[in-house]
2 protein chains.
Amino acid sequence: MVLIIVLWPEMANTAKYSKQRELILNILRSSKSHPTADEVYEQARLQIPKISLGTVYRNLNFLAAEGRIQRLGFDSGIAQFDGDLRDHYHIRCTRCGRIEDVPHGTHRVTYDEVESLTGYKIHHLHLAFFGLCRECKQKREEEP
Amino acid sequence: MVLIIVLWPEMANTAKYSKQRELILNILRSSKSHPTADEVYEQARLQIPKISLGTVYRNLNFLAAEGRIQRLGFDSGIAQFDGDLRDHYHIRCTRCGRIEDVPHGTHRVTYDEVESLTGYKIHHLHLAFFGLCRECKQKREEEP
DNA sequence: GTACTTGCAAAAGTTTTGCAAATTG
DNA sequence: CAATTTGCAAAACTTTTGCAAGTAC
C-alpha cells in the first residue's frame, strides 16, 4: 500500500485510486519483457481474476497519457508497454521478436539540433536497434 | 515499365512480377506521409479499382520482408510504411499525429558499441523523436 | 453524494487466411 | 505447365466504447 502514497499524488488530480490500476503499473514496472496489452491482461488475471481486458486497455492508455509508462511501437502494429522510465533504448531480434534493453550512455542523442531543424518542441525520443540476437545468429548458421 | 527491370532482379528469386506489387511500391516511394495499410489501399484503388485490401497487406508484408520498404511502429498500434530507404529518422507530433522526416546527419549512431554490448548482429535502427509540431505548439498557447 | 472506475459485452478497427480463378515465367 | 499472385469473403486478432453497478474520496 506504500505505492499508493508514492504514486497517486503524481497522477492527474482528477484520478482516483484503484487496485486494478496499481496492479497494472506494478506489472509493468517489474517486467523486463515489454508486454502487449494482452500479456498484461494475462498477468493481471493471476491476481485479479475478474479484471477485464477493457480495464487493462483503459489503464494502459491512462498511464501512458500520464507519462507513467511508455507505449512502444517497433514494427509490429501491436502496441507494447514499458514501465521503465529511465533513459534507455531497445533492441529487437527480427527473427524471434525478442526485445531487450540497451542502456543509455552508449549514445548521447540531443534535442537541440533537431528542434531547430524541425521547429518541434521535443519531449522524448525512442531509439530502437534491429538485428539478430545471439541465439538466432547461431540458428541461422546451423540451418541456412 | 522501367521499374520492372530495375526492381525485380532484386526481389526474392521465387517472386513474380505483378502490377499490384509495382503500384504499391511506387505509392510508398513517392509518398512522404508514412501511410498506413489502409491509406495505401485507398491510394492504390485510384489506379486499380478492384485491388483488394488483402493484396495490399500481402504485398506490404512481402516488400518489408525483402527490405524494399520499412515498416514503422511509433506508438499507435497501427503499422505505417515508408518507402524511403535512405538513412533518416522520424519526428512525430504527439498532439496531431503528424510524422515528418529528420535528415540523417544530425546524429551519427554507430552499431559497434551496441553490438558488443548486446551480442546482437544489428542491421538497422529506428530513431524517432516525439514532441509538439509548430502548429500544435501555437494552438496549445491559444487554448490552454 | 459526486465523480471516477470497473466488468461485461458489443462494436469498431486492423490484419491474416482459405480458396478458386487469373497471371507470370 | 508449374508456381505465384490476385480478389473475395470470412475469420482472427487488437482496441475502443456504452452502460449499469461498484468504489474512492
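Numbered from 1 within each chain, the chains take letters A, B, ... in sequence-line order.
- One cannot find a donor-acceptor pair under 3.5 Å joining the base of dG7(D) and the side-chain atoms of Arg45(B).
- When each of Gly77(B) and Lys50(B) is assigned the nucleotide of DNA chain D with its nearest heavy atom, Lys50(B) is the one assigned upstream, toward the 5' end.
- Using a 4.0 Å heavy-atom cutoff across all strands shown, Thr14(B) reaches sugar-phosphate atoms only and no base atom.
- Using a 4.0 Å cut-off, some side-chain N or O of Gln20(A) falls inside it from OP1 or OP2 of dG7(C).
- The CZ atom of Arg21(B) sits 12 Å away from the C1' atom of dT23(C) (whole-angstrom rounding).
- Nucleic acid contact for Asn59(B): sugar-phosphate only, since backbone atoms but no base atoms lie under 4.0 Å from a heavy atom of the residue.
- For the pair Thr55(A) and Tyr41(A), the minimum side-chain heavy-atom distance is 4.5 Å or more.
- Atom pair Ile48(A):CD1 and dG22(D):P shows a separation of 17 Å (rounding to whole Å applied).
- Taking atom OH on Tyr17(A) and atom C1' on dT23(D), their separation rounds to 11 Å, with Å as the unit.
- The base of dT4(D) has none of its N or O atoms less than 3.5 Å from a complementary donor or acceptor on the side chain of Lys16(B).
- What separates CZ of Arg71(B) from P of dT14(C) is a distance of 14 Å, to the nearest Å.
- OP1 and OP2 of dT23(C) both lie 4.0 Å or more from every side-chain N or O belonging to Ser18(B).
- The separation between Tyr41(B) atom OH and dT14(C) atom P is 13 Å, rounded to whole Å.
- Between His126(B) and His126(A), the distance separating the two ring centers is not shorter than 6.0 angstrom.
- Along DNA chain D, the nucleotide nearest Asp38(A) and the nucleotide nearest Arg58(A) are compared for position; the residue whose nucleotide lies closer to the 5' end is Asp38(A).
- Regarding Glu42(B), its CD atom lies at a distance of 13 Å from the P atom of dG13(C), rounded to whole Å.
- Among His90(B), Arg71(B), Arg29(B), Lys32(B), the single residue meeting the side chain to side chain donor-acceptor pair (under 3.5 Å) criterion with Asp82(B) is His90(B).
- Residue-level contact check: Leu53(A) touches the bases, meaning some heavy atom is under 4.0 Å from a base atom.
- Using bins of under 30°, 30° to 60° and over 60° for the plane-to-plane angle, the ring pair His88(A)/His34(A) lands in the tilted bin.
- We find that CD1 of Ile51(A) is positioned 14 Å from P of dT5(C), with the value rounded to whole Å.
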Open item on the list: One pair to check against side chain to side chain donor-acceptor pair (under 3.5 Å): Tyr17(A) and Glu22(A). What are the steps and the verdict?
Closed with: CA-CA 8 Å; Tyr17(A) 169 80; Glu22(A) 180 182 27; 2.5 Å; yes
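- Considering only side-chain N and O atoms, Asn61(A) lies under 4.0 angstrom from the phosphate OP1 or OP2 of dT16(D).
- When each of Lys19(B) and Phe81(B) is assigned the nucleotide of DNA chain C with its nearest heavy atom, Phe81(B) is the one assigned upstream, toward the 5' end.
- Regarding Phe62(B), its CZ atom lies at a distance of 10 Å from the C1' atom of dT5(D), rounded to whole Å.
- Taking side-chain N and O atoms only, Tyr57(A) has no distance below 4.0 Å to OP1 or OP2 of dT16(D).
- Within 6.0 Å of the NZ atom in Lys121(A), the count of heavy atoms belonging to other residues, nucleotides or ligands does not exceed 12.
- When the side-chain nitrogen and oxygen atoms of Ser52(A) are compared with OP1 and OP2 of dC8(C), none of them lie within a distance under 4.0 Å.
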